[in-house]
Amino acid sequence: MIELRHIIEQKQELLTRESISRPALDYSEGMTAEEQKRYINYLAERVREADLGLRARDAVLQDFLDKQKEYDARLSKLDAVLSEMQDLKDSLASEMKKRKVAERKVDDLKAKLKFANKNRFGDKMSGSKKKRSDAESDRTQDEENFDGTSSSLPDDSVANKKPEAPAAVAPKEKKPRDLSNRPDTYKTMGVQGTSKEYKSDLSKVPGRVLEKKMVPVFHLDVSIVEERFELVHYVEKGKKPKWGYFPVVGNPQIVTKFDGTKVTPEFLQAIAYEVYVKNVTFGLLHRWLTDLGMQVSANTLRNWLKKGKKYLDELVKVLKEVALEKDSIVNCDETWCKVRKYDHYKKCYIWVLVNKAEQTVIFFYEDGSRGRDVLTNFIGDAELKSVMTDGYNAYVFIGDELSTVQKSPNLKKAIHQVCMAHWKAKLDKALEQADDVRALPFLRGVDFFYGREHQYDKEGLSPEERGKRRQDLESKEMLITLRQHLKIELDKDPSETTPYLRAALKYLDKFWDNIFAFLKDGSLPIDNNLAERAIRPLTTQRNAMLHFGSDEGVEMAATYHSIISTVKMQGRSAWEYLGKFFTKIFNGCRDFFSMRPDKIGLAICQ
C-alpha cells in the first residue's frame with residue numbers, strides 16, 4: 001500500500017510540473033456574489049466526491065494487495081510442488097535410464113543364451129560340471145568379446161599378464177619298474193597269411209658268411225603284403241663285418257623299406273594320408289590295419305610317421321625361407337589344441353603363416369605358447385611388407401610393443417593389417433542376435449568394399465590397376481560416410497547402444513587404419529580368410545582326435561599339415577606328392593629345394 005501511494009505521489013508531482021508553465025486562470029472573474037457562492041458549493045461538492053473516490057480506490061487497492069498476498073502464498077506453494085515434480089521427473093528419468101540399461105543387459109544375455117543353445121555340441125557331462133584343468137581363457141571367446149580395448153581382454157591375456165618368475169620344479173622320483181607281471185611271450189609284428197620271401201644269392205657274397213636273417217617289409221596294395229628279404233652278415237678279409245642283401249635273379253634288387261621303418265615308401269604315404277588328410281585317428285588306423293590282418297601297435301605307426309617327418313622338416317625349412325622372402329605379404333592366425341602334459345591336459349596354441357604369392361603355408365608350434373615370442377622367433381629378421389591378422393592378434397601379439405622387440409626389428413617397418421571379415425562378423429552378430437538396425441549402414445559399407453574386390457577379381461586386374469581403383473572417388477566417399485556414422489554412434493549415450501554394436505564400433509575405431517590399409521596398395525589383401533581356411537584342417541583333426549598325446553605329436557602334425565596345405569594351395573594332389581617325396585627320399589634324393597611341390601619333378605636322385 002505504501003509503495004502504491006509513493007507511486008501515486010510521484011505521478012501527481014509529474015502532472016504538477018506539466019501545469020506549472022501554464023498561466024493561472026481566475027475562474028471567478030466577472031461573477032456576481034451569488035454565482036461565486038454557487039461555484040464554491042460546486043467545487044466543494046467536487047472535492048467531497050474526489051475524496052470519496054480516493055478512499056474507494058484505496059479500499060480497492062487494499063483488497064487487491066490482500067489478494068496478491070494470497071496469490072503469492074499460493075504461488076510459493078506451487079513453486080514447491082513444481083520443484084518436487086521436477087525432482088520426481090529427474091528421478092524417474094534416472095530410473096528409466098537404469099531400466100533401459102538393465103533391459104539391454106537382459107537382451108544381451110538372452111542373445112548369448114540363444115547363441116549358446118544354437119551352437120551347443122551336446123557335451124555328455126553327467127553329474128557335476130567338469131572344471132577346466134587350467135586357468136587359461138578360451139581364445140575363441142576372447143576374440144569374440146574383444147572390442148579393441150584392453151578392458152575387454154581377460155585377466156590372463158598376454159597383454160595383461162605380468163611375467164612371473166619361473167618356479168623351481170622338483171625332480172620327480174623315478175619309480176622302480178614292476179617286473180612281476182611280465183608276459184611269457186610277446187606279440188611280434190606280422191601279417192596273417194603266407195609272406196613273400198626273397199633269398200640272397202650266397203654265391204655273390206664277397207666274404208665268409210657269419211649269419212643270416214630275414215627282414216620283413218610291409219607293402220600296402222589291395223591288401224597288406226609282407227615281403228621278407230634275407231640279409232647276410234658277412235666279413236671280408238681285413239675288414240669289419242657288415243650286413244648285405246644279394247638278390248637272386250628275378251627278385252627285387254634292393255630292400256624296399258623306408259629308412260628307419262619296416263614299410264615301403266608307399267605304405268608310409270598311405271598312413272600319412274589317412275592321418276593328416278582324411279583325419280583318421282591312430283586308433284581307427286590301427287583297427288583298420290588289424291582288420292586287414294596286420295599285427296602292429298599304434299605307437300609303431302607314430303614312429304614310422306616320425307621317420308618321415310625328419311625329412312619333411314628339411315623341406316619345411318626351405319618353404320619357410322620362400323614364405324619369408326623380402327617384401328612378402330603374409331597372413332597369420334592361431335588356434336588352440338589340447339595336449340597331454342604328463343598327468344594332465346593343457347590348452348596349447350599352434351600358429352599358421354600363409355604367403356599367397358608364393359602359395360606356401362607354414363604351421364609352427366613352440367611348446368604350446370601363444371606368447372609374443374612365438375611370432376617374433378619365427379619371423380626373425382625377415383623384411384616383410386605386410387602382416388595380416390585378426391584384431392585380437394594384432395592387439396595382443398603385433399602391437400607397438402612387439403614392433404620394438406629386438407628379435408624382429410624389421411617387423412616395425414611392416415604394414416600391420418586387420419581382417420575386415422572379423423569386423424563384419426561383429427556387425428552381423430549385432431544385427432542378427434540383438435536386432436540392432438544401426439549396424440546396417442556399416443554392413444552396407446562392408447558389402448561395398450567386398451563387392452568391388454569381387455569385381456576386380458573377375459576383371460583380372462593387376463595389383464597396380466587394383467590400387468588405382470581402390471583410390472577412386474567412390475571408395476573415398478564411402479570411407480567418409482562410414483567415419484561420419486562412426487562418430488555419430490560413438491557420441492551417443494552408451495546405454496542407447498546394444499553391447500554387440502558397441503563392441504563392433506570400438507573395434508572399428510581402434511583398428512580403422514589397419515582395417516582399411518588395403519586401400520593404399522593393390523597387392524594387400526582385404527581379409528585374413530587365407531589363414532582361416534588354411535588352419536581349418538587342423539581344427540577338424542583336433543575335433544576328431546580330441547587331444548594330442550604330447551608336444552612331439554603337435555609338432556609332427558604341424559610339419560605334415562605345412563606340406564599338405566602347401567600342396568593343396570598349389571592345386572596339386574596331396575596323395576601324389578607324398579608318394580613322390582617319400583620315393584625320392586628312399587632313392588637317396590636330398591635336394592630339398594628342388595623337392596618343393598612345384599619343383600619336385602626337377603629333383604635328381606643319387
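Throughout, numbering of the chain's residues begins at 1 and tracks the sequence. Computed from heavy atoms alone, side chains included, the values below leave out hydrogens, waters and symmetry copies.
- Taking the six-membered ring for Trp, Y507 and F511 have ring centres closer than 6.0 Å.
- Annotation: K520, atom NZ; neighbour count of heavy atoms from other residues, nucleotides and ligands within 6.0 Å does not exceed 12.
- Summarising the geometry of L530 relative to M569, their closest heavy-atom pair is CD2-CE, 4.0 Å, with the distance given to 0.1 Å.
- The pair E459-R469 meets the salt-bridge criterion, since a charged nitrogen lies less than 4.0 angstrom from a carboxylate oxygen.
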Under 3.5 Å, which donor-acceptor pairs link side chains of residues 475-487 to any protein atom two or more places apart or in another chain?
unit_1	atom_1	unit_2	atom_2	d
S475	OG	R452	NH1	2.7
S475	OG	R470	O	3.4
S475	OG	D472	OD1	3.0
T481	OG1	E477	O	2.9
K487	NZ	D491	OD2	3.0

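- Under the 3.5 Å distance criterion, the side-chain polar atoms of R340 are left unmatched by any main-chain donor or acceptor of S550.
- What you find for A430 and A439 is that their closest heavy atoms are CB-CB, 4.5 Å.
- With N587 contributing its side chain and T583 its backbone, the two residues share a donor-acceptor pair below 3.5 Å.
- With ring centers used as reference points, F364 lies under 6.0 Å from F378.
- Note that the CZ atom of R438 and the CD atom of E489 stand 5.0 Å from one another [nearest 0.5 Å].
- Between E532 and D333, the closest heavy-atom pair is OE2-OD2, 3.0 Å.
- A cation-pi arrangement, defined by a distance under 6.0 Å to the six-membered ring centre and an angle within 45 degrees of its axis, is absent between K584 and Y311.
- Looking at S297 and N299, their side chains never bring a donor and an acceptor atom within 3.5 Å of each other.
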May I have the step-by-step check of ring pair (Phe, Tyr, Trp, His ring centres under 6.0 Å) for Y349 and W336, ending in yes or no? CA-CA 4 Å; Y349 295 84; W336 66 272; 8.0 Å; no

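- With 3.5 Å as the limit, one finds no donor-acceptor pair spanning the side chains of T360 and N355.
- Under the 3.5 Å distance criterion, the side-chain polar atoms of H454 are left unmatched by any main-chain donor or acceptor of G451.
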Applying side chain to side chain donor-acceptor pair (under 3.5 Å), run through D390 and N528 and close with a yes or a no. CA-CA 7 Å; D390 56 58; N528 201 34; 5.1 Å; no

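- Under the 4.5 Å side-chain criterion, counting only non-hydrogen atoms from C-beta, D598 is not in contact with Q359.
- With R536 contributing its side chain and R533 its backbone, the two residues share no donor-acceptor pair below 3.5 Å.
- Q269 places a side-chain N or O within 3.5 Å of a backbone atom of W575 that can act as its donor or acceptor partner.
- Of the possible donor and acceptor atoms, one in the side chain of Y560 sits under 3.5 Å from a partner among the backbone N and O of L305.
- Applying the 6.0 Å contact sphere to NZ of K341 captures more than 12 heavy atoms from other residues, nucleotides or ligands.
- Contact between V374 and E366 at its shortest, heavy atoms only, is CA-OE1, 3.9 Å.
- To the nearest 0.5 Å, atoms OG1 (T256) and CZ (F267) are separated by 12.5 Å.
- Annotation: the span from D436 atom CG to L501 atom CG amounts to 4.5 Å, rounded to 0.5 Å.
- Atom OG1 of residue T389 and atom CD of residue Q417 lie 9.0 Å apart, to the nearest 0.5 angstrom.
- Between A557 and F548, the shortest heavy-atom distance links the atoms CB-CE2, 3.8 Å.
- At least one test fails for R444 against the ring of F448: distance under 6.0 Å to the centre or angle within 45° of the axis.
- If you check the side chains of Y365 and D551, you find a donor sitting under 3.5 Å from an acceptor.
- A donor-acceptor contact closer than 3.5 angstrom is absent between the side chains of S562 and K320.
- Annotation: the span from H561 atom NE2 to M556 atom CE amounts to 10.5 Å, rounded to 0.5 Å.
- A distance-only check finds no donor-acceptor pair linking the side chain of D527 to the backbone of C419 [under 3.5 Å].
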Set out, in order, the CA-CA distance, both residues' side-chain angles and the distance that settles side-chain contact (heavy atoms from CB on, under 4.5 Å) for M388 and C332, then state yes or no. CA-CA 6 Å; M388 163 72 81; C332 294; over 6 Å; no

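- For the pair S565 (side chain) and V361 (backbone), a donor-acceptor distance under 3.5 Å is absent.
- Using cut-offs of 30° and 60° on the angle between ring planes, the pair F581 and F592 is tilted.
- Side-chain atoms of T261 come within 3.5 Å of backbone atoms of F258 as a donor-acceptor pair (strictly under, hydrogens ignored).
- Between atom CD1 of residue I415 and atom CG of residue N514 there is a gap of 10.5 Å, rounded to the nearest 0.5 Å.
- Under a 4.0 Å N-O distance rule, the pair K317/E314 qualifies as a salt bridge.
- Under a 4.0 Å N-O distance rule, the pair E552/K306 qualifies as a salt bridge.
- Partner of L324 under the side chain to side chain contact (heavy atoms under 4.5 Å, CB included) criterion, chosen from I362, L384, L319, D381: L384.
- Here the closest non-hydrogen pair linking V322 and S328 is O-OG, 4.5 Å.
- Residue K257 qualifies as enclosed at atom NZ: its count of foreign heavy atoms under 6.0 Å is above 12.
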